[in-house]
Amino acid sequence: MNHPPKEHAQRVVESFSRIISASAATHIGQKHMLELQWLIESAIANAVHEELQQITHQVDKLSGALHHAAKRFEPNQPEE
């Protein structure tokens, strides 16, 4: 990821603020904009976390397969 989730969320909320009307921005208020930013940041962080978990699982499986394959070529290593 090129930008940390907080920075990306802030940019999304800033973009959103530019496309809504001034009256909508006033009605929504700064507090709710910050809550929106936090929700977006949390969603991004959660998506990244889930993806990293999947990658970690794949690396673990590959590591196990490599370990198992390497044991076939080492003469004095018992298989597990």
Quiz prompt | Closest approach of Ala9 to Ile44 (non-hydrogen atoms, all atoms of both residues) | solution = N-CD1, 4.2 Å
Quiz item: Which distance, rounded to the nearest 0.5 Å, do you find between the NZ of Lys6 and the CZ of Arg11?
Solution: 14.5 Å
Quiz prompt | Nearest-0.5 Å distance that lies between atom CD in Gln37 and atom CD in Gln30 | solution = 8.5 Å
Quiz item: If we ignore angles and hydrogens, is there a donor and acceptor under 3.5 Å between the side chains of His57 and Gln54?
Solution: no
Quiz prompt | Single-linkage hydrophobic cluster Ile40~Val48, side-chain heavy atoms < 4.5 angstrom | solution = yes
Quiz item: Once you round to the nearest 0.5 Å, how far does CD of Gln10 lie from OG of Ser15?
Solution: 10.5 Å
Quiz item: Are Ile19 and Val12 connected, step by step, through hydrophobic side chains (Ile, Leu, Val, Met, Phe, Trp, Tyr) whose heavy atoms are closer than 4.5 Å?
Solution: yes
Exercise. Find the distance between OG (Ser23) and CD1 (Ile28) and round it off to the nearest 0.5 Å.
Key: 9.5 Å
Exercise. Ignoring hydrogens and angles, tell me if any N or O in the side chain of Ser17 forms a donor-acceptor pair with the backbone of Val13 under 3.5 Å.
Key: yes
Quiz prompt | Separation between NE2 of His32 and CG of Leu39, rounded to the nearest 0.5 Å | solution = 11.5 Å
Self-check item: Pairwise distance CG(Leu34) to NZ(Lys31) - rounded to 0.5 angstrom
Solution: 10.0 Å
